[in-house]
Amino acid sequence: SCRTGHPHAPMRILIEEGAAWGGVPELQRHGLRQLMEDLAETGGATVLLAPPAGGPTGVLRVTLEGTVAGSDLHFQARILGPEGRERDVVPPSPNPCLQLHQILAAAGLPTPPTGALLPRDPSRLLPLAEVYGAAIGGDDAQARSVGNAAQALAALEPECATAVLASAESTYRRLLTQAPPNLEAQTVAAQGFETVLALLPGFPRGSAEAGRFFTDTGNQRRAMEVLLDALVLHPRSSRMRNSLAYAARTTGLLEGAMETLRVRDLLEGGSGPRDRFPETTYLYAGDWKRFDQNLGPGPTERLDPMADFYRGYLRLLQGRRDEALVNFQAAARPQPSNPQFQALASAYALNLEGKRAEALLALRNLARARDDLRVPDGEFTFKLAEAFAFAGAQEEAMDLAQEAFSQGFGCSPWYQRSPLLGSLHDLPRWRALISHLVERQRLLEARFPTRDFGMR
């Protein structure tokens with residue numbers, strides 16, 4: 001508490017969108033919720049991304065609502081305290097940016113008086129919320145669609161870290177899903193994330209998204225530096241723990257990744273699902289039961305291509321081929337997000353149906369489609385290598401395993417343990433690759449010892 005400058009007791013907070021909104025579209029509501037989460041997190045709270053299991057015990061719940069009347073925006077909120085007492089708050093300020101601060105203050109959470117999180121001009125709060133909601137929490141198409149608007153807003157509000165983050169994130173999401181028309185786009189995205197970190201050092205959401213970007217581009221060293229430095233300033237942030245685990249696991253620092261997840265669970269009090277990405281640290285570390293629990297029960301829920309893919313993938317590793325097929329088929333159904341996982345799931349489904357030639361064609365088309373991506377994501381390339389090996393194409397599997405390493409995926413324990421790549425282990429190229437992986441991991445273990453990933 002002394003280190004963070006907030007003497008109040010540790011607080012877990014869940015911010016939700018209420019039903020009584022007037023004249024505020026869905027994306028703007030999402031963005032406003034996310035901006036309030038940022039205020040709470042920089043104020044020292046642990047922000048939960050999902051309702052805690054077993055009810056609100058020990059959690060402050062804020063239900064945010066708002067109305068637009070003419071050019072005026074006014075918020076109200078219902079606060080349910082950790083002790084179970086409920087009350088309504090109508091902030092007095094006419095400035096909507098200050099209203100968000102006042103709601104959190106009424107909930108007992110002082111927020112830092114920084115102008116870097118919200119626009120200087122309060123009339124730009126709703127435009128910011130719209131691009132923020134799309135770029136941070138929207139599907140891939142929504143994130144790409146607000147690129148120009150986010151860039152224009154960042155130009156108008158150059159000192160607003162969240163505006164710059166929305167612009168950088170929109171570019172990043174485009175790089176992940178399609179070949180950009182401008183080869184400088186990756187540099188632009190990197191500069192955007194660095195600007196965010198300079199505007200507001202330690203900004204939890206900015207650091208978490210920057211960490212994902214640097215990891216996806218194969219620079220896990222920079223990702224871990226950013227995140228570990230930010231956690232010194234905001235040690236109660238569980239959001240950054242997810243990104244730190246991603247960077248650590250993809251370099252093979254599985255003990256460090258498991259330690260940061262342990263701290264995350266302590267901070268959140270076991271609140272349940274927290275992130276839109278499956279936590280493959282458990283998979284690579286051999287805790288398949290925990291990984292399965294993290295994914296949830298299956299495709300009877302809302303369709304999620306990535307989670308459904310990993311459900312099928314895990315069941316395939318366990319030898320449960322019929323169940324794997326059901327999950328791969330669910331993952332392959334068209335959805336507005338994660339098209340690469342949809343395509344990979346479709347290839348696995350074809351193979352399990354006995355259509356090997358069609359599966360190989362689908363895999364080759366997917367591999368070619370990814371050639372022009374500026375952020376190819378080495379972890380996904382490794383998954384593609386496994387799919388080729390499962391289809392019996394050893395040379396292509398070997399080529400892609402080497403490519404995954406060159407793109408930054410260096411989890412040497414999983415390279416050696418993955419049941420799908422067992423057919424490559426006698427190849428001289430494979431033995432040379434493992435030697436390089438082990439040496440790289442040894443260097444990173446010396447730079448980032450496991451103790452750095454605990455509570456600092």
Side-chain angles (χ1 to χ4, degrees), residues 26-39 41-42 47 49 116-119 124-178 180 182 184-200 202-217 219 222-223 226-227 230 237 239-240 242-244 246-247 275-277 306 336-340 373-377:
E26 183 180 30
L27 273 180
Q28 292 183 354
R29 298 198 298 268
H30 294 343
L32 290 167
R33 172 180 51 78
Q34 291 168 172
L35 289 167
M36 182 172 263
E37 288 176 349
D38 292 341
L39 289 172
E41 202 164 18
T42 54
V47 172
L49 305 186
L117 281 176
L118 301 177
R124 294 177 182 142
L125 179 59
L126 280 180
L128 171 60
E130 183 166 354
V131 298
Y132 209 56
I136 303 296
D139 60 42
D140 294 334
Q142 289 172 326
R144 294 194 303 266
S145 70
V146 297
N148 291 336
Q151 186 176 8
L153 185 61
L156 291 171
E157 293 279 349
E159 297 180 1
C160 179
T162 49
V164 179
L165 177 59
S167 180
E169 183 71 11
S170 178
T171 302
Y172 167 40
R173 297 279 293 277
R174 175 163 55 88
L175 291 168
L176 284 169
T177 55
Q178 65 182 32
N182 180 359
E184 300 297 321
Q186 183 174 330
T187 300
V188 170
Q191 290 173 342
F193 285 116
E194 294 288 4
T195 300
V196 170
L197 300 175
L199 286 170
L200 189 57
F203 172 28
R205 193 188 301 272
S207 299
E209 297 299 336
R212 289 195 189 281
F213 170 79
F214 290 125
T215 299
D216 279 344
T217 52
N219 192 356
R222 176 60 179 153
V226 164
L227 290 160
S237 169
R239 181 189 313 278
M240 290 191 287
N242 293 311
S243 289
L244 182 58
Y246 177 37
D275 203 7
R276 64 180 184 265
F277 302 104
M306 190 183 295
S337 61
N338 298 310
Q340 295 183 96
L373 292 177
R374 302 274 70 78
V375 185
D377 182 0

Taking only Lys NZ, Arg NE, NH1 and NH2, and the carboxylate oxygens of Asp or Glu, determine whether E37 and R33 approach each other closer than 4.0 Å.
yes
Check: E169 and F193 side chains under 4.5 Å, non-hydrogen atoms:
yes
If you count heavy atoms of other groups shown closer than 6.0 angstrom to CD of Q142, is the number above 12?
yes
Can you name the closest pair of heavy atoms from R174 and A185 and give their distance?
NH2-CB, 4.3 Å
Would you find a donor on one side and an acceptor on the other, under 3.5 Å apart, between the side chain of S170 and the backbone of A166?
no
Side-chain touch F203/L165, heavy atoms, less than 4.5 angstrom
yes
Over all heavy atoms of both residues, which pair between C160 and P119 is shortest? Give the atoms and the distance, please.
SG-N, 3.9 Å
Distance col, row R124:CZ vs L156:CG, nearest 0.5 angstrom, shows 4.5 Å
Of the non-hydrogen atoms in A135 and R173, which two are nearest, and what is the gap between them?
O-NH1, 3.0 Å
Is the shortest side-chain heavy-atom distance between D139 and N338 below 4.5 Å?
no
Working to the nearest 0.5 angstrom, can you tell me the gap between T162 OG1 and L117 CG?
6.0 Å
Spatial distance of atom CD1 (I136) from atom CD (E209) [nearest 0.5 Å]:
5.0 Å
Between D216 and Y246, is the side-chain contact (heavy atoms from CB on, under 4.5 Å) condition met? List the steps.
CA-CA 9 Å; D216 279 344; Y246 177 37; 2.2 Å; yes
Please check: side-chain N/O of R212 versus main-chain N/O of S243, any donor-acceptor pairing under 3.5 Å?
no
Calculate, to the nearest 0.5 Å, the distance between atoms CG and CD belonging to L128 and Q28 respectively.
10.0 Å
Would you name the heavy atoms of A163 and A154 that are closest together and state the gap between them?
O-CB, 3.9 Å
Calculate, to the nearest 0.5 Å, the distance between atoms CG and CZ belonging to L35 and R205 respectively.
7.5 Å
Answer yes or no: is there a donor N or O on one side and an acceptor on the other, between the side chain of E41 and the main chain of D38, under 3.5 Å?
no
Close side-chain approach of V164 to P158, heavy-atom, < 4.5 Å:
no
Quick one: do R222 and E194 satisfy salt bridge (charged side-chain N to carboxylate O under 4.0 Å, His left out)? Show the steps, please.
CA-CA 11 Å; R222 176 60 179 153; E194 294 288 4; 2.8 Å; yes
What pair of heavy atoms forms the shortest contact from S207 to L227, and how long is it?
O-CD2, 3.4 Å
Exam field: side chain T171 to backbone S167, donor-acceptor pair closer than 3.5 Å:
yes
Could you state the interatomic distance from CZ (F214) to OH (Y172), rounded to the nearest 0.5 Å?
10.5 Å
Minimum heavy-atom distance between R239 and V47, given as atom pair plus value:
NH2-CG1, 4.0 Å
